[in-house]
There are 2 protein chains.
Amino acid sequence: MTQKTPEPKKRSNLRDVAKAAGVSVATVSRVLNEPTVVKKETLEKVQTAIAELKFVPSAAARAINSGRTRFVGALVPTLDNAIFARFLAALERKLSDHQLSLIVATTEASLEIEAEKAKSLLDIGAEGLIITGITHSPAFHELIERASLPTIVTSFFNPENPLPTIGYDNAAAAQLALQHLVELGHRDIAVVHGPVNDNDRTRARLTGLKVFPFDGKLSTFETEISHQGGADAAKHLGNLSSRPTAILCLSDVVALGVLLGLQAQNIIVPDQISMVGVDDLPTSSVTVPPLTSVHLPVSQMGERAADALANWITTHQAPKSEELFTQLVVRNSTKRC
Amino acid sequence: MTQKTPEPKKRSNLRDVAKAAGVSVATVSRVLNEPTVVKKETLEKVQTAIAELKFVPSAAARAINSGRTRFVGALVPTLDNAIFARFLAALERKLSDHQLSLIVATTEASLEIEAEKAKSLLDIGAEGLIITGITHSPAFHELIERASLPTIVTSFFNPENPLPTIGYDNAAAAQLALQHLVELGHRDIAVVHGPVNDNDRTRARLTGLKVFPFDGKLSTFETEISHQGGADAAKHLGNLSSRPTAILCLSDVVALGVLLGLQAQNIIVPDQISMVGVDDLPTSSVTVPPLTSVHLPVSQMGERAADALANWITTHQAPKSEELFTQLVVRNSTKRC
DNA sequence: GAGCTTGATGAAACCAGTTACATATGTCAA
DNA sequence: TTGACATATGTAACTGGTTTCATCAAGCTC
C-alpha cells in the first residue's frame, strides 16, 4: 500500500536475542521461563541482550505451544447498569486470581448481537465464556458446541439447563418482593419492568409474579432500564385515575427512576404509594426514602462463576449448577396499605 | 454433554482436516480464508471434513502469522460509575468497526494495579491500550515503551504529553461550573470531589477551581465517588454552622448522592442551596430537581479514541492529541443567591 | 500442434516460541 | 582412573496455522 511507512517496525524475536547473546534459543527461552536453571553469567548476558533489543515475547507464539490464551469472555446486556458493573468487577477480580483476563462484550440485550460477539471472542481465542441467562440463539449454541467452549450461564439458576448455571431463582426473587407487599395489605400493585424481549430473567420474574397466589390487581408497565425509563413509568402511573397503592420494580435502577419521577409529581413514598425494587444496589440504601429491595448476590455470583470457569478450563470437567439465594431487604419505601 | 469420563480433548487441526478430506493443508487454509479460489467440489469435501472433525481454527496460530491478535485493552479506574460505562460502551462499539475486541481492566484508581494489569494485557497480546489520565507509574511507562505499544490517554487533554491525549480540559470543565455559580452571586461554595490520590483528572479540576478569579469562600470535601459518598458529604455539609450557598460536585454520581443526602435532611435544592455537577449523566436530567451539570463528551471520546488507536496500530503512526469540548447544561438545581 | 494463459492444487518454508533429547563439562565416590 | 551423576547448554523437532512458489491440466490462440 503506502510504502512511506517511516519505521519498518521489526520486532526482535527469540532468535535475534540468542544471536546477540551468543547462546541458543533454548537458553533464551529458559531465561524467560525458568531462569533458575541458567548459569548466572549466561543469564546476565541474555538479559542484557533482551534489554538492548527491547525484546518482548510474542503472546501468540506462547499461546500456540501452551494451547492457552489466558483470557475468557463475558457477555452482558449492558455496562450501563450498576448490577452488571458490580458483577463484572467481582468476576474480573476473581479471574485474575486464576491468571485469566476478562474480555467484556455487551450484547445490547440482543441474542443476535450476542452470537456475533461470541463468534469474535472465539476467533480471537477466548478459552471460555460467561453469559447471561439461559436463552440464546441457535447460532450461539452451535458455536459453543462445535468449539466445546466452556460456558457458564449466570443470573439464572436452572439445574436442568444443558449449560451449567450459576445464579438465582428469578421467579422467587420477584415473589419475595410481591409477598412483602401482599403482607402489607396491598391489593393494587403495579409492576414496572424492563423489556421482556430477549430477556429471560425478566420473563421469569414476571411469570413468578403471575403464579404467585394473590387475588388483588396486578398491572404491568414495560419501560427502558434506566433512571429515565423509571421516571417515565412514574409519570404514567401518577396520571392514572385509580392509582395503584404499590409499585414493584424488577430492577433497582428503574426503581430509583420511579422514585424520582414520583417525587417530581409530589407523590410521597411510602405514605401515598409503596415501592419495592429488585437488585439491592448500594444506592438503594441512600435514596429518599431508602428503598426496600430484594438483594441479588451478584458479587458472589461473579466469584463463583470465575472459579467454576477457571476450573472447567483446566480440568475439562463441566461444573455443576449452583444456586445463590436472594433476600428481601426491608427499608423505608414500603408501608402498610 | 457432561460425561464423567475425562475427555481426551484432542482438538483437530488443519493437518487432520487435510488428511480427512484428502487434500493438502494449503487447500484447507484456502477454504478458510479465500473459499472462492477453491473448486466447488473440493470446497465441499473440505467443509464436510471440517464439520465432521468439529474443526475450529486456532486463534493463536493465526495470530502468530498475521502478527495480530485483534484486541486491545482499556484501563479504567472502575466500572461502577456510569461515566466510564458510557465511555467504554462507545469505545467498544467503535473498535468493533475496526475488527478489534476490547479487554476492559479496572485499576481501582491505583497506579500500581494499573501497571500490573497493563503487564498482563501485554502478556496475552494486546495490540494497544486505552488509558485514563496522564499520570502513570514508572513501571507502566517502561512497559509500554519497551513494547512500543500504541497507547492513548483519555479523559485528559494535554498536547504536550508524550502519549497522545484524547480528552477535555478538566480545569476548564470545573471552571465552567464555578463560573456559573459565581455569576449567580454565590460567594460561599463547597466543592465535593472524589479521592485526589492517583487521580490527575480530579486534581486538574481542583487546580482549575483554585486559579479561577473568585474572591468568595471555596471549601473542599473529599469523599468516595458513589451515591453513598455524596450522601455522606451532604450530611457533613448540612450540619455545618455556616452552610455554603452552593455545592459544586466534580462528579454527577457524587452530586446525585449529595442531592439525596440533602433531601434526607429536608434541605431544598435550589431554594436553600444550589448544586452543580460535572459529567452530565443521563440520570442528571431526571433528578429532582434536574441537575445543572457540565457535559463531558465521553461517547465522542470513546469513538475518537477507538479510531485513533486502530489507526495507530495499522499505520504505526502515533495520532495527534485531540481536544473535546465540555459544555455547561443549565437545569434547575441552581438559583441566584 | 506448439505456445501461452488460466485455474486448481500441493510441497515446503515460515511465523516465534517451547521442549524432548543429546551433548559437553565438572564433581565426586569407588 | 573410571563410572555415576548433576549441571548447563545446544540441536532440532515440535505447535498450527499462512504463504510463496512450483506443478500440472485444461482452454485458447495462432
Side-chain angles (χ1 to χ4, degrees), chain A residues 8-50 53-70 122-127 146-148, chain B residues 8-50 53-70 122-127 146-148:
Chain A
K9 173 93 173 180
K10 23 126 216 245
R11 242 179 75 164
S12 49
N13 61 22
L14 254 200
R15 265 90 181 164
D16 297 334
V17 175
K19 193 175 292 175
V23 299
S24 74
V25 289
T27 300
V28 180
S29 181
R30 284 184 199 110
V31 169
L32 260 33
N33 300 306
E34 23 176 13
T36 53
V37 307
V38 180
K39 192 166 56 160
K40 203 172 163 192
E41 247 176 65
T42 319
L43 187 79
E44 280 165 10
K45 245 188 340 188
V46 173
Q47 284 174 333
T48 308
I50 287 178
L53 294 174
K54 295 196 170 197
F55 167 68
V56 179
S58 145
R62 275 218 164 118
I64 209 180
N65 287 293
S66 64
R68 303 212 44 185
T69 53
R70 305 231 71 105
L122 206 59
D123 281 346
I124 64 174
E127 292 190 62
R146 267 177 60 89
S148 55
Chain B
K9 173 91 178 182
K10 29 145 209 228
R11 242 180 79 163
S12 48
N13 61 24
L14 253 200
R15 264 92 179 167
D16 298 332
V17 175
K19 193 174 293 175
V23 300
S24 73
V25 290
T27 300
V28 181
S29 180
R30 283 183 199 109
V31 169
L32 260 33
N33 300 307
E34 21 174 18
T36 52
V37 308
V38 180
K39 193 167 54 160
K40 203 175 161 188
E41 250 175 62
T42 318
L43 187 78
E44 280 164 11
K45 248 189 336 188
V46 172
Q47 284 173 333
T48 307
I50 286 178
L53 294 174
K54 297 197 168 195
F55 169 69
V56 179
S58 145
R62 273 214 168 122
I64 210 181
N65 288 293
S66 64
R68 300 211 48 185
T69 54
R70 305 230 72 102
L122 205 59
D123 281 346
I124 64 175
E127 293 191 63
R146 269 178 59 91
S148 53

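A/Val28 comes within contact range of no nucleotide atom at all, as no heavy-atom separation falls under 4.0 Å. If you check every strand for non-hydrogen atoms under 4.0 Å, B/Ser29 touches a base.
Judged by distance alone with a 3.5 Å cut-off, a donor-acceptor contact links the side chain of A/Arg15 to the base of C/dG17.
Within the 4.5 Å cutoff, the side chain of B/Pro57 has heavy atoms near those of the B/Arg62 side chain. Looking at heavy atoms from C-beta onward, B/Lys19 lies out of side-chain contact with B/Leu53 at the 4.5 angstrom threshold.
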Exercise for review: Could you give me the CA-CA distance, side-chain angles and deciding distance for A/Lys45 and A/Val31, then say whether side chain to side chain contact (heavy atoms under 4.5 Å, CB included) is met?
Suggested key: CA-CA 10 Å; A/Lys45 245 188 340 188; A/Val31 169; over 6 Å; no

Practice item. I would like to know whether B/Thr69 and B/Ile124 meet side chain to side chain contact (heavy atoms under 4.5 Å, CB included); could you show each step before the answer? Key: CA-CA 9 Å; B/Thr69 54; B/Ile124 64 175; over 6 Å; no

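For the segment residues 18-27 of chain A, the set of residues with a heavy atom within less than 4.0 Å of an atom of DNA chain C comprises A/Ala26, in numerical order.
Atom-to-atom, CD of B/Glu34 to P of C/dG7 comes out at 13 Å; the value is rounded to the nearest Å. In this structure, the CG atom of A/Leu43 is 11 Å from the P atom of D/dA8, given to the nearest Å. Taking atom CG on B/Asp123 and atom C1' on C/dT18, their separation rounds to 16 Å, with Å as the unit. A/Leu14 has its CG atom 13 Å from the P atom of D/dG10, to the nearest Å. One atom, CG of A/Asn33, and another, P of C/dT19, lie 7 Å apart when rounded to the nearest Å. One interatomic measurement links the two molecules: NZ of B/Lys39 to P of C/dG7, which rounds to 14 Å at whole-angstrom precision. Protein atom CG of A/Asn65 is 16 Å distant from nucleotide atom P of D/dA13, rounded to whole Å. In this structure, B/Ile64 atom CD1 and C/dC15 atom C1' are separated by 5 Å, rounded to whole Å.
Just one of A/Thr27, A/Val25, A/Val28 meets the side-chain contact (heavy atoms from CB on, under 4.5 Å) condition when paired with A/Val17; it is A/Val28. Partner A/Arg30 forms a side-chain contact (heavy atoms from CB on, under 4.5 Å) with one of A/Val23, A/Thr36, A/Val37 and no other, that one being A/Val37.
Nearer the 5' end of DNA chain D, as judged by each residue's closest nucleotide, is the contact made by B/Ala61, out of B/Arg30 and B/Ala61.
The CD atom of B/Gln47 sits 11.0 Å away from atom OG1 of B/Thr42, with the distance rounded to the nearest 0.5 Å.
For B/Thr42, counting side-chain heavy atoms from C-beta on, the closest listed nucleotide (C/dG17, C/dA8, D/dT18) is C/dA8.
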